[in-house]
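Working notes, structure below.
FYI, side chains are in, hydrogens and waters are out, and symmetry mates aren't considered; it's all heavy atoms of this structure. Each chain gets a letter, A, B and so on, in the order its sequence line appears, and its residues count up from 1.
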Number of protein chains: 2
Amino acid sequence: MPVTLINSFVVPASQSDAFLETWTKTARAIEKAPGFISATLHRALHADAKFSFVNVALWESEELYRAAFAQSPVPRGGVQPEAYPALYDVAVHVKAP
Amino acid sequence: MPVTLINSFVVPASQSDAFLETWTKTARAIEKAPGFISATLHRALHADAKFSFVNVALWESEELYRAAFAQSPVPRGGVQPEAYPALYDVAVHVKAP
């Protein structure tokens with residue numbers, strides 16, 4: 001059963017462009033890893049959001065997610081924002097009737 | 001273009017069940033609102049996650065999202081966790097090649 005990685009980032013507005021560049025570079029390095037399904041980087045619509053970026057990614061399993069980051073050191077740029085990564089499963093799903 | 005509401009909740013383990021109940025009740029009250037598309041409540045796999053629950057929901061527009069919460073007061077239970085709601089659009093989407 002897939003797991004969802006949700007990573008919330010605190011990025012000052014002045015660093016948004018650099019963050020986007022670093023994140024995209026990291027995603028390109030990870031996308032070929034076994035178990036990677038998809039990643040969606042969300043950008044806050046308004047400046048008062050605590051988390052200006054949130055990545056919601058799907059992995060085939062926790063083991064494959066951890067292996068991907070353990071085996072290939074992720075390229076890092078100058079932007080190292082405060083981040084809150086954690087793995088989740090789906091507790092409740094609601095659709096419009 | 002749809003917007004994504006991401007709401008991260010800090011819920012003590014002892015309140016998880018009560019939170020789930022309150023959240024589901026709220027979702028049922030909101031699901032018929034114009035503009036609501038879907039909501040997915042994620043639960044952290046491990047206790048060390050700062051945000052033990054994260055809701056990722058889709059709305060048809062920011063206006064309809066705001067109208068839904070302005071017009072119908074949301075039922076609230078005893079659990080009022082620390083929460084970080086914000087609206088997002090998709091900046092980057094990456095899929096496994």
Is there a path of hydrophobic side-chain contacts, each under 4.5 Å between heavy atoms of I, L, V, M, F, W or Y residues, that connects A:I30 with A:L64? no
Evaluate the side-chain proximity of B:P12 to B:F19: yes if any heavy-atom separation is below 4.5 Å, no if none is. no
Centroid-centroid distance, A:F51 to B:F51, less than 6.0 Å: yes
Report the option among A:L41, A:V54, A:V90 that has the most heavy-atom pairs separated by less than 4.5 Å from atoms of chain B. A:L41
B:H42 versus A:D89: any side-chain heavy-atom pair under 4.5 Å? no
B:N55 side-chain N/O to B:I6 backbone N/O, donor-acceptor pair under 3.5 Å: no
Is B:S8 close to chain A through its backbone or its side chain, or both, or neither, when contacts mean heavy atoms under 4.5 Å? side chain
Under 4.5 Å between side-chain heavy atoms, counting indirect links through other Ile/Leu/Val/Met/Phe/Trp/Tyr residues: same cluster for B:V92 and A:V11 or not? yes
Relative to each other, are the rings of A:F36 and A:W59 parallel, tilted or perpendicular (30° and 60° limits)? perpendicular
Proximity breakdown for A:T40 and chain B, heavy-atom pairs closer than 4.5 Å: both
Determine the option with the most heavy-atom pairs under 4.5 angstrom with chain A, choosing from B:V56, B:T24, B:I37. B:I37
Part of B:L58 lying under 4.5 Å from any heavy atom of chain A: neither
Interchain contact, B:K95 with chain A, by part (heavy-atom threshold 4.5 Å): both
Taking B:S38, B:A96, B:A33 one by one, which has the highest count of heavy-atom pairs under 4.5 Å against chain A? B:A96
Could you check which of B:K32, B:R43, B:E31 has the highest count of heavy-atom pairs closer than 4.5 Å to chain A? B:R43
For chain A, the option from B:A49, B:A44, B:A86 that forms the most heavy-atom pairs under 4.5 Å: B:A44
